[in-house]
Amino acid sequence: MNVNDVSFERKRPDVYGDAHPKALLRAIQEDGDYLVKLASQHIVSGDQFDANTMKQLFRLAAKFESNPKRYSSPLQNKILISAFYEPSTRTRLSFESAWHRLGGDIMSITDRSTTGIAKGECLADVAEMFNNYGDCVVLRDNHQESLFEMMDALRIPIINAGNGTDEHPTQALADMYAIFKWRPTLLQEAQNDKITIGVIGVPSKMRTVRSFLKCLSVFPQAVKELWIIHDKASESELFDAGQREELEARGVRIRTTTELDAVLPELDVVYINAISWEGDSFNTYGSAFSLNAQSPLKADAIVLHPLARGDELSTDLDHTAHNWYFSQARGAVFLRMALLTCMVERAERVMDVV
């Protein structure tokens with residue numbers, strides 16, 4: 001670091017080239033009916049989203065991202081309860097940033113020990129109190145069942161921001177938003193521009209991967225092949241019972257391999273993750289796999305990662321055209337802006353406003 005020059009450049013654009021959302025915005029015709037329906041749902045699983053609902057969320061997210069300064073008050077006088085009982089950087093801050101950008105207020109909980117739960121209060125009672133204090137709950141909990149224990153007592157919507165090894169649906173929506181910004185033509189029902197995707201991870205153990213595959217399988221017309229790249233130790237537990245069969249029944253052709261470099265030259269999209277939260281800590285899978293600037297990636301391939309990263313994703317890819325993981329993280333804010341607006345019955349305030 002040069003302490004004699006601590007200046008920075010504000011005018012550098014936040015979104016470059018293919019990462020700009022305007023092409024995606026033009027590719028989807030607005031149909032607000034699908035967005036209005038979200039106001040009566042909790043967001044629990046990637047299974048909830050059909051193609052039309054996702055496309056409308058992507059369109060609204062692209063509208064926000066294309067002109068972020070125009071939308072500053074849709075959530076005015078609404079309160080978000082941000083309850084994160086498991087460590088988080090991007091997910092918590094992106095939800096809170098999304099809510100603040102739209103003019104709402106936030107109450108944030110980041111430590112279970114500071115709540116009545118530490119004294120034995122049941123989650124149903126906590127949910128009853130949340131009904132009185134806010135308009136929407138975002139919950140991350142390392143216990144899979146906590147989300148479902150709260151849902152029955154809630155009269156306001158709750159969003160699953162990660163529950164144990166189960167699911168992380170809004171991360172999957174952000175992943176899909178990044179892919180369709182990169183190539184909006186993949187949304188077309190009849191097209192020959194299918195892509196080959198490689199997922200480095202364990203679908204049965206990683207909630208990000210589980211939810212991503214569910215959302216990806218809603219658009220089988222976009223996928224030529226899906227490779228699951230895993231270490232040999234994960235062979236016997238790669239999929240949960242029925243998980244692979246469900247994806248294949250939706251039209252996704254799945255192949256598996258333990259040889260990363262052998263398949264990398266075929267991949268248009270590489271989705272890599274290594275961490276899985278299990279119980280009160282995390283495990284790492286596939287630590288033998290890594291991507292760096294010397295990896296045999298296709299010239300136009302993009303790399304996605306839900307972050308936080310470890311040694312599996314080298315920083316020497318950060319300044320290459322393969323880096324879409326930062327755009328992926330940026331886009332998550334606007335995707336969550338779109339979802340939150342719909343869930344608290346404010347979608348009509350942003351429809352038909354371009």
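The residues of the chain are indexed from 1 along the displayed sequence. Only heavy atoms go into these numbers, but all of them, side chains included; no hydrogens, no water, no symmetry mates.
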Give the table of side-chain donor-acceptor pairs shorter than 3.5 Å for residues 314-323, with sequence neighbours excluded, one pair per line with atom names and distance.
unit_1: S314; atom_1: OG; unit_2: D316; atom_2: N; d: 3.2
unit_1: S314; atom_1: OG; unit_2: D316; atom_2: OD1; d: 3.0
unit_1: D316; atom_1: OD1; unit_2: A293; atom_2: N; d: 2.9
unit_1: D318; atom_1: OD1; unit_2: R309; atom_2: NH1; d: 2.9
unit_1: D318; atom_1: OD1; unit_2: R309; atom_2: NH2; d: 3.3
unit_1: D318; atom_1: OD1; unit_2: Y325; atom_2: OH; d: 2.6
unit_1: D318; atom_1: OD2; unit_2: R309; atom_2: NH2; d: 2.8
unit_1: T320; atom_1: OG1; unit_2: L317; atom_2: O; d: 2.8
unit_1: T320; atom_1: OG1; unit_2: H322; atom_2: N; d: 3.3
unit_1: H322; atom_1: ND1; unit_2: A301; atom_2: O; d: 2.7
unit_1: N323; atom_1: OD1; unit_2: Y325; atom_2: N; d: 3.1
unit_1: N323; atom_1: OD1; unit_2: F326; atom_2: N; d: 3.3
unit_1: N323; atom_1: ND2; unit_2: D318; atom_2: O; d: 2.8

Please tabulate, for the side chains in residues 171-179, all donor-acceptor contacts under 3.5 angstrom to protein atoms that are two or more places apart in sequence or on a different chain.
unit_1: Q171; atom_1: NE2; unit_2: D175; atom_2: OD1; d: 2.7
unit_1: D175; atom_1: OD1; unit_2: Q328; atom_2: NE2; d: 2.7
unit_1: D175; atom_1: OD2; unit_2: Y271; atom_2: OH; d: 2.9
unit_1: Y177; atom_1: OH; unit_2: A61; atom_2: O; d: 3.4
unit_1: Y177; atom_1: OH; unit_2: A62; atom_2: N; d: 3.3
unit_1: Y177; atom_1: OH; unit_2: E65; atom_2: OE1; d: 2.7

Give the table of side-chain donor-acceptor pairs shorter than 3.5 Å for residues 98-106, with sequence neighbours excluded, one pair per line with atom names and distance.
unit_1: W99; atom_1: NE1; unit_2: K78; atom_2: O; d: 3.3
unit_1: W99; atom_1: NE1; unit_2: D105; atom_2: O; d: 2.9
unit_1: R101; atom_1: NE; unit_2: S97; atom_2: OG; d: 2.9

Contacts table for residues 331-346: side-chain donor-acceptor under 3.5 angstrom, sequence neighbours left out:
unit_1: R336; atom_1: NE; unit_2: T170; atom_2: OG1; d: 3.3
unit_1: R336; atom_1: NH1; unit_2: S94; atom_2: OG; d: 2.5
unit_1: R336; atom_1: NH2; unit_2: T170; atom_2: OG1; d: 3.1
unit_1: T341; atom_1: OG1; unit_2: M337; atom_2: O; d: 2.7
unit_1: R346; atom_1: NH1; unit_2: P74; atom_2: O; d: 2.7
unit_1: R346; atom_1: NH1; unit_2: Q76; atom_2: O; d: 3.1
unit_1: R346; atom_1: NH2; unit_2: Q76; atom_2: O; d: 3.4

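Under the rule for a side chain to side chain donor-acceptor pair (under 3.5 Å), the partners of Q48 that lie at least two apart in sequence or sit in another chain are Q41. Checked against side chain to side chain donor-acceptor pair (under 3.5 Å), D166 has the following partners two or more places apart in sequence or in another chain: N163. Under the salt bridge (charged side-chain N to carboxylate O under 4.0 Å, His left out) criterion, E348 pairs with no residue at all, not counting sequence neighbours. When the side chain to side chain donor-acceptor pair (under 3.5 Å) test is applied to S217, the partners found at least two apart in sequence or on another chain are R250. Not a single ring-ring contact (aromatic ring centres under 6.0 Å, His included) links Y85 to another residue, sequence neighbours left out. Taking the side chain to side chain donor-acceptor pair (under 3.5 Å) definition, one finds that D50 meets it with T53, sequence neighbours left out.
Judged by the 6.0 Å and 45° rule, K37 forms a cation-pi pair with Y34.
Shown here is K298, whose NZ atom has more than 12 heavy atoms of other residues, nucleotides or ligands within 6.0 Å.
Side-chain atoms of H42 never come within 3.5 Å of backbone atoms of V44 as a donor-acceptor pair (strictly under, hydrogens ignored). Of the possible polar contacts, none joining the E86 side chain to the G162 backbone as a donor-acceptor pair under 3.5 Å is found.
Pairs passing the salt bridge (charged side-chain N to carboxylate O under 4.0 Å, His left out) check and including a residue from residues 148-164, sequence neighbours excluded, read E128-R155. Identified under the salt bridge (charged side-chain N to carboxylate O under 4.0 Å, His left out) test for residues 209-229, with sequence neighbours left out: D47-K214, E167-K214, R210-D240, E225-R253, E225-R255.
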